[in-house]
Amino acid sequence: MDDKDHTSAVEALPVGSSVDRAPRGPEIEPAELAEQAIRISVGAATLTATWLVGALRRGLGVPEAPRGELRPTAPALLAGAALGLAIEASRQAARVITLLGRTASWLLEAPGMDGVEARGRRVLEELDATWVQTRPEAEEAASAFVQALVPAVTKGILDRLDLTTMALDNLDMGAITEAIPLDDVVARVDVDAIVERVDLDAIIARIDIDALAQQVIEDLDMPQLVRDSTTSVTAAVVDEIRYGSVDADQTVSRTVDRILRRDRRQRP
Amino acid sequence: MSSPLPRRARPFQGERAGIASRTVAVGIDLFVALVILALLIIGASAIASIGERTYVLKMPSSRDMFALTGVVVVAYAGTLWGASGRTFGNHVMGLRVLTVRGTRWIRTRAYARAVLYWLVPIGLLWCVIDRERRSVQDLIFGTAVVYDWGRGGGAAGSPGRVDQSESSGSRSHASNTVR
């Protein structure tokens, strides 16, 4: 950046008929020139925006934030965001213009164009320097804006969405469950490690063993159990004695019937 | 006995019991009566020994013993027959004494039957010869002894069943011959 008079340089911008009066300067790439122009226009917008923000701040009575610690106020954020967007756009546009500029380079190579170029370049460089100076601030503002806005917007959206209901309505839970390799997951679980971490003594200490044992004994009804088993054994023995006696009764009856030559079928 | 009646025992429930079963039952009852008698003698001796220096077992004379045994047997058997139709011996052998006509037991009849058994025990043998397996005592007092294992499986135990057994004796006997 040199120390030329900026105002005169701006006045001498190569617009319309004034192009002819401009002296021919050192050679310059047309594409580079186009990129510079866009950056400058962005820079100018930045300056305007910065000034506007300052004015708004003063008008609204917002205290001036200390330098280096830029607190994003709403207008500043908006301006910064716009500028951040513009910076990106300018970069993309510059590439396009570079291509266009190369094809149109014959225009600037025409006689009498050198002076115009040189003067125009100086002006552009001046403005660009201004932009470069203020650029970090603008970019910081844009970044702060995004940082402040995105979480708020996301939260607002999420507050209005019933994600659970949406998931239940739209998701095929069966398919999802099937897709989960549960066997693999379970295989990865170290049951021994889990058991090791369990304080079994503490658990046992909390169980009322006496009451439990009492309950079990009551449920089993041990006396009835003993009675039943004893009874069944006794009954089996007694039954055999009875069968034997019934057989003996039959044998005696048959023998007596035979001796008395009695028809057994007639006997009651 | 709370276990259910075995399938094998069902056919002869309510049938008249023969000499073998009844003899075994009588043997058991005699044993029980003797135990009671022994306890009575020991108890009486103990009471008689109160105030004396040593315990002396005082055995009754043989005549007193016969009478005492008779009293015990009659009291024991008569009481149980009158109450439930079965002594302990009957119970073990699965027998029950019923009145043939389905009438209720009268206590005096039960005691009288017991007395007759004590005086003429040989009367029991008549059931070997009798077609209806009734002893002399049964014929005199209108009773009969049937198989009744008392587990709800046989319809025995109801006086009516005995009457039926009498009236349709041949059919009942058919099931006996199977064995």
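Remember, it's a predicted structure, so these values are computed and weren't measured experimentally. Just so we're on the same page: letters track the sequence lines, and every chain starts at 1.
More than 12 heavy atoms of other residues, nucleotides or ligands shown are found within 6.0 angstrom of OH on B:Y111. Under a cut-off of 6.0 angstrom, the local environment of OH in B:Y55 is crowded, with over 12 non-hydrogen atoms contributed by other residues, nucleotides or ligands. By the 6.0 Å contact criterion, CH2 on B:W126 is open, its count of non-hydrogen atoms from other residues, nucleotides or ligands being 12 or less. Counted within 6.0 Å of CD1 on A:I194, heavy atoms from surrounding residues, nucleotides or ligands total more than 12; the atom is thus considered enclosed.
Of all non-hydrogen atoms in A:D249 and B:I19, the two that sit nearest each other are OD1-N, 3.5 Å. For the pair B:G94 and A:R242, the tightest heavy-atom approach, listed with the atom from each and the gap, is N-NE, 3.3 Å. B:I129 approaches A:R262 most closely through the heavy-atom pair O-NH1, 2.8 Å. The two atoms that bring B:A20 and A:A248 nearest to each other are CB-CB, 3.3 Å, heavy atoms only.
Using a 4.5 Å cut-off between heavy atoms, B:V24 does not touch chain A at all. Both the backbone and the side chain of A:I241 come within contact range of chain B, with heavy atoms under 4.5 Å apart.
To the nearest 0.5 Å, the span separating CZ on B:R131 from CG on A:D257 amounts to 7.5 Å.
Relative ring orientation between B:F12 and A:Y243 is described as perpendicular, the plane-to-plane angle rising above 60° on a 0-90° scale split at 30° and 60°.
In this model, a donor atom of one side chain and an acceptor atom of the other lie less than 3.5 Å apart for A:S253 and B:R133.
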